[in-house]
Amino acid sequence: MAKVVTIPVPDIGEFNEVEIIEVLVQPGDRVDVEDSLITLESDKASMDIPSPHAGTVKKVLLKAGEKVSKGSDILELEMAGEGAEGDSSQSSPKDKEKDKGEAPKKDSGQDEAKAGKSAPKPASHNGDVDQRCQLLVLGSGPGGYTAAFRAADLGMEVIMVERYPVIGGVCLNVGCIPSKALLHAAQVVEEAEDFERHGISFGKPEIDLKKLAGYKDGVVNKLTMGLKHLAKQRKVTVVQGVGRFTSPNTLAVSSDDGEQVIGFEQAIVAVGSRPVHLPSFPWDDERVMDSTGALELRDIPGRLLVVGGGIIGLEMACVYDALGSKVTVCELSSDLMPGADRDLVKPLEKRIKGRYENIFTGTKVTAAEATDDGIRVSFEGGKAPDQDTFDRVLVAVGRLPNGGGIEAEAAGLEVDEHGFIKVDKQMRTNVSHIFAIGDVVGGPMLAHKATHEGKVAAEVASGEKSHFDARAIPSVAYTHPEVAWMGLTETEAKKQGIEYTKGVFPWAASGRAISVGGDSGLTKLLLDEHDRVIGAGIVGPNAGELIAEATLALEMGADVEDLGLTVHPHPTLSETVGFAAEVAHGSITDILPPKKK
């Protein structure tokens, strides 16, 4: 008689009560080891939960939209023999291969590590070594190049391996930088529109996509060429090719010119992440895009559907809306931008509701089909229609780490079922001379986190005493208006039962905010029982710049008096941080002070 087992959600790190984006199997389906069962989403990070066994699905115990944590039951599986194993390849900024969002495949040694039996047994390299170095950095994104440059400055001989000819990783090439260039262009268009009611009319903008793409690429090229020059100045050797570990001290790098082996004393893994490709979409049709494809500006679609109302999806929605597309946003959660407090998102939501064709929350895309007329999409839930057809669809439901594509088991590295590599405060993996940083180690998938982790890893590898101890990592959505937050949010505080007080300053009382059209914004500070800053949120123009002062206040243990007594220049948006502190302190004069309890 076949054995039936219940498959639970495994350890998913810091994540708790994570929403299910999609259930990928149904009763009667045959699954192999590592086949994806469900897809989860939390803020910017998305992950697939794979099957630890091969067999036939007997019963699915949950559905899309539900929230799960470690130990939640997924399904009942009728066990079969040993599951088939597969392989995965290292992903990169401009990877055109459609990975469909599957979790990385790993060998049986790694399965034993997951079960807590032992770490993967490392391989041995008995062949020749073409180059040697003290420190090898795999990946040249913000975390990777920062680690390489810092280690070189500390006197180490460094080789940095990058899959593509251009260094800079996702952020510089197909992420943070090009998207911000386009968001700036979008802001110019929108400000021109807004000033028509103030007596300055520029007429309808004429969009030259080729020139706009050239502007975006020019920004990217200027930065990447600067990095190339800095690498040369620091005598960091850049090797182009796909890297995979062959032992704890060797890495094979494959390129069009063949394969070479690099021997290293220590290594830093900085391979980043890739967009999730939900399997229900026809990815072989170029009208279906991920964030990388959206930045290529192939055309301005008449109607664009953005699947995913998080930071990435809403940023690209801003760009295409300004360029002239009729935008529809579909978000599975009940609110846009999960992770941010509702009072911060409301000014953005109010603005885009007046501009976008539709915003569907609490809504799931159940199917997408390529037709001659466009991409026909089926919806479920919310106020969405059963079906609608769009000229293009952008899928922006999160990112997956690339830890499963570097043959980490050959080095003895533990990689979990999602592709994350576990590290300690010194960014050290279970292999003492190998470190990992950035998206691949979990936590918020943000470039500014990766750069700080890169410095720590480089310093520890160089023999210095260093560790990653950031008390807060700010998050910013460069939408119009911008939304930024750091530290404790009100949502988290209420959920965890943490007592706090707050000071909120509405930008409608700021002269500078009114003059730049930001009077719907606000600045909010959260305080503990000693009136120290423990969190902050800002919505409005340049919120991403302003959040830094609040982050510094938290790191330094500042209280409301420290911020309120700091003289801010007038008239500026930075004043709103000091005003929010004065509101909490009770000394505000620019608005009526809150009543004392």
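If you read the sequence from its start, that first residue is 1, and numbering goes on from there. We use all heavy atoms of the structure for the numbers below, so side chains are in, but hydrogens, waters and symmetry mates are not.
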S.K.: In the structure I gave you, are the side-chain heavy atoms of Val441 and Glu453 within less than 4.5 Å of one another anywhere?
M.R.: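 Yes, side chains in contact.
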S.K.: Indicate yes or no: does Lys211 engage Glu206 in a salt bridge with an N to O separation below 4.0 Å.
M.R.: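 Looking at Lys211 and Glu206, the cut-off is not met.
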S.K.: For the backbone of Gly293 and the side chain of Asp290, can you confirm whether one donor and one acceptor N or O come within less than 3.5 Å of each other?
M.R.: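 Looks like yes, one N/O pair under 3.5 Å.
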S.K.: Answer yes or no: is there a donor N or O on one side and an acceptor on the other, between the side chain of Gln387 and the main chain of Val377, under 3.5 Å?
M.R.: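 Checked: no pair found.
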S.K.: Looking at Val345 and Met337, what are the two nearest heavy atoms and their distance?
M.R.: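 Of all heavy-atom pairs spanning Val345 and Met337, the closest is CG2-CB, 4.1 Å.
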S.K.: To the nearest 0.5 Å, what is the distance between SG on Cys176 and CG on Leu223?
M.R.: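 Nearest 0.5 Å value for the SG-CG distance: 11.0 Å.
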S.K.: Does the side chain of Val395 reach to within under 4.5 Å of the side chain of Pro275, using non-hydrogen atoms?
M.R.: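 Not in contact.
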S.K.: Between Glu380 and Thr363, is a side-chain hydrogen bond (donor to acceptor under 3.5 Å, both in side chains) present by the stated rule, with each step listed?
M.R.: CA-CA 6 Å; Glu380 181 181 285; Thr363 304; over 6 Å; no
S.K.: Tell me whether Arg274 contacts the main-chain N or O of Pro401 through its side chain, where contact means a donor paired with an acceptor under 3.5 Å.
M.R.: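 Checked: pair present.
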S.K.: Check Lys326 with Asp321, please: is the shortest side-chain N to carboxylate O separation under 4.0 Å?
M.R.: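 Result for this pair is no, no salt bridge flagged.
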S.K.: Measure the spacing between OG of Ser520 and CG of Leu522 and express it to the nearest 0.5 Å.
M.R.: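 Interatomic distance, Ser520 OG to Leu522 CG, rounded to 0.5 Å: 8.5 Å.
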S.K.: Determine, stepwise, if the pair Ile49 / Leu40 fulfils side-chain contact (heavy atoms from CB on, under 4.5 Å).
M.R.: CA-CA 8 Å; Ile49 302 298; Leu40 307 178; 3.9 Å; yes
S.K.: Can any side-chain N or O of Glu482 pair as donor or acceptor with the backbone N or O of Gly544 at less than 3.5 Å?
M.R.: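 Judged by distance alone, yes, a pair lies under 3.5 Å.
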S.K.: Crowded around Asp386 CG? As in, over 12 foreign heavy atoms under 6.0 Å?
M.R.: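 No, because the 6.0 Å sphere around CG of Asp386 holds 12 heavy atoms or fewer from other groups.
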S.K.: Anything under 30° is parallel, anything over 60° is perpendicular, the rest tilted; go ahead and classify Phe579 against Phe505.
M.R.: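 The arrangement is tilted - the two ring planes meet at 30° to 60°.
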S.K.: Using modelled atom types only, decide if a donor and an acceptor are shared between the side chain of Ser325 and the backbone of Val327 within a distance under 3.5 Å.
M.R.: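 Flag not set: sc Ser325 to bb Val327 has no pair under 3.5 Å.
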S.K.: Answer yes if the side chains of Thr523 and Trp507 hold a donor-acceptor pair under 3.5 Å, and no otherwise.
M.R.: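 Present: a donor and an acceptor within the cut-off.
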S.K.: Going through the checks in order, is the side-chain contact (heavy atoms from CB on, under 4.5 Å) test met by Thr371 and Ile375?
M.R.: CA-CA 6 Å; Thr371 70; Ile375 305 298; over 6 Å; no
S.K.: Using the side-chain contact (heavy atoms from CB on, under 4.5 Å) rule, take His480 and Gln187 through it: C-alpha gap first, then chi angles, then the decisive distance, then the call.
M.R.: CA-CA 7 Å; His480 303 154; Gln187 184 176 3; 3.7 Å; yes
S.K.: Less than 3.5 Å apart, any donor N or O on the side chain of Tyr500 or Glu490 sitting next to an acceptor on the other?
M.R.: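 Per modelled atom types, Tyr500 and Glu490 side chains form a pair under 3.5 Å.
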S.K.: Below 4.5 Å, heavy atoms only, C-beta onward: do Glu193 and Arg355 meet side chain to side chain?
M.R.: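 SC-SC contact between Glu193 and Arg355 confirmed.
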S.K.: Does Pro474 offer a backbone N or O that forms a donor-acceptor pair with the side chain of His448 under 3.5 Å?
M.R.: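 Yes, the answer is positive, given that a donor and an acceptor are paired below the 3.5 Å cut-off.
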S.K.: Ala550 and Met486: which non-hydrogen atoms are nearest, and at how many Å?
M.R.: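 For Ala550 and Met486, the tightest heavy-atom pair comes out as O-CE, 3.3 Å.
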S.K.: Quick one: does Tyr320's side chain get under 4.5 Å of Val306's, heavy atoms only?
M.R.: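 They are not in contact (no side-chain heavy atoms under 4.5 Å apart), so the answer is no.
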S.K.: Hey, is NE2 on His452 packed in by over 12 heavy atoms from elsewhere, all under 6.0 Å?
M.R.: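 For His452, atom NE2 is not crowded (no more than 12 foreign heavy atoms under 6.0 Å).
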S.K.: May I ask you to say whether Lys216 pairs ionically with Glu296, meaning some side-chain N is under 4.0 Å from a carboxylate O?
M.R.: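 The answer is no: the pair does not qualify as a salt bridge.
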S.K.: With the side chain counted from C-beta on, respond yes when Leu400 and Asp439 share a heavy-atom pair under 4.5 Å apart, and no when they do not.
M.R.: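 Answer no - side chains too far apart.
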S.K.: In Å, rounded to the nearest 0.5 Å, how long is the span from CG of Asn173 to OH of Tyr164?
M.R.: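 That separation rounds to 10.5 Å.
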S.K.: Do the charged groups of Asp388 and Arg376 touch, with an N to O distance under 4.0 Å?
M.R.: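 Looking at Arg376 together with Asp388, the answer is no, because their closest N to O distance does not fall below 4.0 Å.
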S.K.: May I ask you to test the Leu212-Leu323 pair for a side-chain heavy-atom distance under 4.5 Å?
M.R.: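 They are in contact (side-chain heavy atoms under 4.5 Å apart), so the answer is yes.
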S.K.: Does Arg287 offer a backbone N or O that forms a donor-acceptor pair with the side chain of Asp285 under 3.5 Å?
M.R.: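 Such a contact is found between Asp285 side chain and Arg287 backbone.
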S.K.: Would you check if the side chain of Arg298 reaches a backbone N or O of Glu286 as a donor-acceptor pair within less than 3.5 Å?
M.R.: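 Confirmed, Arg298 side chain pairs with Glu286 backbone.
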S.K.: Can you name the nearest heavy-atom pair linking Ala447 to Pro142, along with the distance?
M.R.: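 Looking at all heavy atoms of both residues, the closest pair is CB-CG, 3.9 Å.
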S.K.: Going from CG on Leu295 to CG on Asp217, what distance comes out if it is rounded to the nearest 0.5 angstrom?
M.R.: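 Here the rounded value is 10.0 Å.
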S.K.: Taking the side chain as everything from C-beta on, heavy atoms only, tell me whether Thr361 gets closer than 4.5 Å to Asp335.
M.R.: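 No. Closest side-chain heavy atoms not under 4.5 Å.
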S.K.: Show the nearest heavy-atom pair for residues Val397 and Val307, with the distance to one decimal.
M.R.: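 Heavy atoms only, the tightest pair is CG1-O, 3.6 Å.
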S.K.: Let's go through Glu196 and Lys204 carefully: what are the C-alpha distance in whole Å and the side-chain angles of both, what is the deciding distance for salt bridge (Lys or Arg N to Asp or Glu O under 4.0 Å) to 0.1 Å, and is it a yes or a no?
M.R.: CA-CA 11 Å; Glu196 186 172 353; Lys204 186 177 180 179; over 6 Å; no
S.K.: I'd like to know whether Thr491 forms a side-chain hydrogen bond (donor to acceptor under 3.5 Å, both in side chains) with Thr489, so could you lay out the CA-CA distance, the side-chain angles of the two residues, the decisive distance to 0.1 Å, and finally the verdict.
M.R.: CA-CA 5 Å; Thr491 303; Thr489 66; 4.6 Å; no
S.K.: Counting heavy atoms not belonging to Lys455, are there more than 12 under 6.0 Å from its NZ?
M.R.: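 Open: at most 12 neighbouring heavy atoms sit under 6.0 Å from NZ of Lys455.
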S.K.: At their closest point, which heavy atom of Pro338 faces which heavy atom of Glu331, and how far apart are they?
M.R.: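 In this case the closest contact between Pro338 and Glu331 is CG-OE2, 3.8 Å.
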S.K.: Say you draw a straight line from CD of Glu191 to CD1 of Ile200; how long is it, rounded to the nearest 0.5 Å?
M.R.: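 If we round to the nearest 0.5 Å, Glu191:CD and Ile200:CD1 are 11.0 Å apart.
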S.K.: Answer whether the closest heavy-atom distance between the side chains of Ser280 and Thr366 falls below 4.5 Å.
M.R.: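 No, side chains not in contact.
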S.K.: Around atom NE2 of His229, are there more than 12 heavy atoms from other residues, nucleotides or ligands closer than 6.0 Å?
M.R.: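 No, not enclosed.
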S.K.: Output yes when Glu349 and Arg342 qualify as a salt bridge under the 4.0 Å nitrogen-oxygen rule, no when they do not.
M.R.: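 Result for this pair is no, no salt bridge flagged.
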S.K.: For Val533 and Leu526, what are the C-alpha separation, side-chain angles and deciding distance, and is it a side-chain contact (heavy atoms from CB on, under 4.5 Å)?
M.R.: CA-CA 6 Å; Val533 176; Leu526 301 188; over 6 Å; no
S.K.: Counting only heavy atoms not in Arg512 (residues, nucleotides, ligands), do more than 12 fall under 6.0 Å from its CZ?
M.R.: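 No, the 6.0 Å shell around CZ holds no more than 12 heavy atoms from other groups.
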S.K.: Look up atom CZ in Arg163 and atom OG in Ser140, then write down how far apart they are to the nearest 0.5 Å.
M.R.: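 Separation between the atoms: 12.5 Å.
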S.K.: Using every non-hydrogen atom in the two residues, find where Leu563 and Ala581 come nearest and quote the distance to one decimal.
M.R.: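 Closest approach of Leu563 to Ala581, heavy atoms only: CB-CB, 3.7 Å.
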S.K.: Do you know which of Thr328, Leu305, Val329 makes side-chain contact (heavy atoms from CB on, under 4.5 Å) with Phe360?
M.R.: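 For Phe360, the side-chain contact (heavy atoms from CB on, under 4.5 Å) test succeeds with only one of Thr328, Leu305, Val329, which is Thr328.
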